[in-house]
Student: 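Sending over a structure as C-alpha cells; questions will come in a sec.
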Amino acid sequence: MAAPLELSCWGGGWGLPSVHSESLVVMAYAKFSGAPLKVNVIDNTWRGSRGDVPILTTKDNIVSQPAKILNFLRKQKYNADYELSARQGADTLAYIALLEEKLLPAVLHTFWVENDNYFTVTKPWFASRIPFPLSLILPGRMSKGALNRILLTRGEPPLYHLREVEAQIYRDAKECLNLLSHRLGTSQFFFGDMPSTLDAYVFGFLAPLYKVRFPKVQLQEHLKQLSNLCRFCDDILNSYFRHSLGAFSCVNRNQQQTDFGEASLLLDKKRSMPICRNSPSL
Amino acid sequence: MSLVAEAFVSQIAVRWAKVNVIISSTDKGMGKSYPQTIAAEPWPENATLYQQLKGEQILLSDNAASLAVQAFLQMCNLPIKVVCRANAEYMSPSGKVPFIHVGNQVVSELGPIVQFVKAKGHSLSDGLDEVQKAEMKAYMELVNNMLLTAELYLQWCDEATVGEITHARYGSPYPWPLNHILAYQKQWEVRRKMKAIGWGKKTLDQVLEDVDQCCQALSQRLGTQPYFFNKQPTELDALVFGHLYTILTTQLTSDELSEKVKNYSNLLAFCRRIEQHYFEDRGKGSSSIRLS
C-alpha cells in the first residue's frame, strides 16, 4: 500500500469542504483520482504550519503548492487525466493559465482586498483558525500579499489608481467566467463525463466565490447568472463531497482530523461505479 | 559575448536618444470601445512601431513581444514601419514595448493593439466560434504565463545571464552611472514581481521544465495543422511565433532554452512557415534563419 498521504489545509464553511481555493483544488483532485487523503484541517492550536498551505505530507516527502501536489499524486498513480487525449491535456494547461491570469486577481480581491468583505467575513474566519497572537498578524499579512500580487501583476501604468485596477480585473474576471461557461456548454464536466484536473481547478476557484456569503458580491452575482457553472459546482459538491460535508458541518472545532478515506465517496481507480462505504442503500 | 540575434542586424549607433514626445492623445486601449472616429479613419501609410535598439539594447522578452506585434500586423496586411529608439520603454503609454503610433493614437502591447486593429475593421479571429475564441484566449494566456515569465526569469533572475548579457545590454545607451542604476532598478522590479507570483523560489531547471511543458502543450495543440486554428492564422499564431522565433534565434549563455523548443519539430516548421509567408515573401525585416 502507498504510504499514507496527509493533507493539511484550511477548513470549510458555507457548504464547502474548504474555503481556500488552492486547498479545494487539491481536495477535488484527490476525490476525482481516488487518492486516499487524510485531511488535517488547520485550527487554532499550534499544530502544523500555516505557510504555503495546502501541504501534502507523506513518510518521506513534503510537497506544497497545488501544481506540485497534483504532479506528485500523478506520479503515485493517482491520475485523473489518463483518459484525456494529448490535445485535451494541452487545453487543460491553457485553461489553467487563463484562470490564474484572469480570474485569480478578482477572487483574491473579493476575499482579501475589498474592505467590507475582508473585515466582515475573511478576517474573522481565518483569525478564528489561527492561534493567538498569530491571529492578529497572519490575516493582515495574507491580505497585503494578495494586494501586492494584484498590483504587481495588473497595476501597471496607465492604471495608476487602485479603483481603475479593480475595474479592469473585474472586467477580465467576468469575461473569463463567460469563456468558461461557453466552453462547458451543457456537458457535465469539461472533458466529457469524467472529471479531470481542469475540473478540479475550475471547481477550486469557483466554489468559494459561489458559496461564501459576502457583503460586496458583484462577481458572485455575475457567476450566479451563468447557470451551467453553478450547476457544475453543485454537481461536484453533491457527488463527491456529500458525506464529508456531513462530517464538516457537525465538526467540533476541537476535532482535529477528518478521514476522507472512510467517511466519503471513494472512487475505484478504474473509475467504474463509485463505491460508497457507509451508505447502505447502494 | 553580447546578445546577437542571428537574424537581426544592428543598424543604429549607440548614442543618447533625444526624448521624442509623441502625444496627441495617448490611448489606454484596455478593453475600451473605440469611438466612431477611430473606426472611420483608414490605416495610414505612416504607421510606426517603436521598440528598443535592435542590435545593442533590446532584450529577449521585448524582442519576442515586438516580433509578435509585427507578425500580427503582417498577417492583417497592414503596413508598419519599425523604428528603434533607446527610450522606447519610457515613451510607451504602459511602460511596455512595443507600441504603435497610428494617426494620433498610441497603443502598446499585443492585447490592446489587437482590439485597436479590430476597431479599425481588421480582425483575424472573426471566423472563430465562441468556444474557439475561448481556447485562443486561454492559449495566449498560457504563452504569457509560462513562456514570457520564463524569459523574464532567465533574463533577470539567473545570475549568469544577468551578469553577462542583461545588465550590459539594458544600460548600453546610457552613460555611467545611469546604466547601472537603471539596470539594477529594473532587476529589482522584475524580481519583486517574480516573488509575488511564486516564481521567486524556482530554480532554473524548474523554469526550463515549465518551458518544456508549455512547448509540449503548444505542439500537441498544433498537431499537423498549418496554424493553430487550421487554415488561417490568428493572433495566437503571431504571439507563439514571436516568442518561439526569438528563443530560437537569440544567443544566450547556454543553449538550454532553445534546445527545449527544438525538441518539437512541428513548432520549428510552424516558425519557418510564418517567417517565409509573412516576412521573407514581403521582402521585409529578417533574413532567413538557420533552424537546424
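Within every chain, numbering begins at 1; the chains are lettered A, B, ... in the order of the sequence lines, protein sequences first and strands thereafter.
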Student: Considering only heavy atoms, give the residues of residues 125-135 of chain B separated from chain A by less than 4.5 Å, sorted numerically, with 'none' for an empty result.
Tutor: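 When heavy atoms of chain A are the reference, residues 125-135 of chain B contributes B:Glu130, B:Val131, B:Ala134, B:Glu135 within the under-4.5 Å range.
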Student: B:Glu189: which residues meet the salt bridge (charged side-chain N to carboxylate O under 4.0 Å, His left out) condition with it, sequence neighbours left out?
Tutor: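 Scan of B:Glu189 (salt bridge (charged side-chain N to carboxylate O under 4.0 Å, His left out), adjacent residues dropped) gives none.
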Student: Measure A:Glu100 against the heavy atoms of chain B and call it side chain, backbone, both or neither at under 4.5 Å.
Tutor: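 Contact with chain B is through the side chain of A:Glu100 alone.
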Student: Please look at B:Lys195 and chain A and tell me whether the side chain, the backbone, both or neither of the residue comes under 4.5 angstrom of a heavy atom of that chain.
Tutor: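 The answer is neither part of B:Lys195.
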Student: With chain B as the partner, which of A:Gln88, A:Arg183, A:Glu101 has the greatest number of non-hydrogen pairs under 4.5 Å?
Tutor: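 Among A:Gln88, A:Arg183, A:Glu101, the one with the most close pairs to chain B is A:Glu101.
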Student: For residues 139-150 of chain B, run the donor-acceptor check on the side chains, cut-off 3.5 Å, and write out each pair with its distance to 0.1 Å, sequence neighbours left out.
Tutor:
residue  : atom : partner  : partner atom : Å
B:Tyr139 : OH   : A:Ala90  : O            : 3.4
B:Tyr139 : OH   : A:Asp91  : N            : 3.0
B:Tyr139 : OH   : A:Asp91  : OD1          : 2.5
B:Thr149 : OG1  : B:Asn144 : O            : 3.2
B:Thr149 : OG1  : B:Asn145 : O            : 2.5

Student: Roughly how far, to the nearest 0.5 Å, is the CG atom of A:Leu179 from the NZ atom of B:Lys137?
Tutor: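 The distance works out to 5.5 Å.
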Student: Is it the case that atom CD1 in A:Ile62 sees more than 12 heavy atoms from other parts of the structure closer than 6.0 Å?
Tutor: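 No, the 6.0 Å shell around CD1 holds no more than 12 heavy atoms from other groups.
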Student: In terms of heavy-atom contacts, does CZ of A:Arg141 have more than 12 from other residues, nucleotides or ligands at under 6.0 Å?
Tutor: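 Check fails, neighbour count at 12 or below.
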Student: Is it true that, when you exclude B:Tyr90 itself, more than 12 heavy atoms of the residues, nucleotides or ligands shown sit nearer than 6.0 Å to its OH?
Tutor: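 More than 12 heavy atoms, drawn from other residues, nucleotides or ligands, come within 6.0 Å of this atom.
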Student: CZ of A:Arg149 to NZ of B:Lys193: how many Å apart, nearest 0.5 Å?
Tutor: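 Separation between the atoms: 10.5 Å.
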Student: Answer yes or no: are there more than 12 heavy-atom neighbours, outside A:Lys144 itself, under 6.0 Å from its atom NZ?
Tutor: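 No, NZ of A:Lys144 has 12 or fewer neighbouring heavy atoms, counting only those of other groups under 6.0 Å.
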Student: Show me the donor-acceptor pairs, under 3.5 Å and distance only, between side chains in residues 205-217 of chain B and residues at least two apart or in other chains.
Tutor:
residue  : atom : partner  : partner atom : Å
B:Gln206 : OE1  : B:Thr203 : N            : 3.0
B:Asp210 : OD2  : B:Lys202 : NZ           : 2.6
B:Asp212 : OD1  : B:Tyr264 : OH           : 3.0

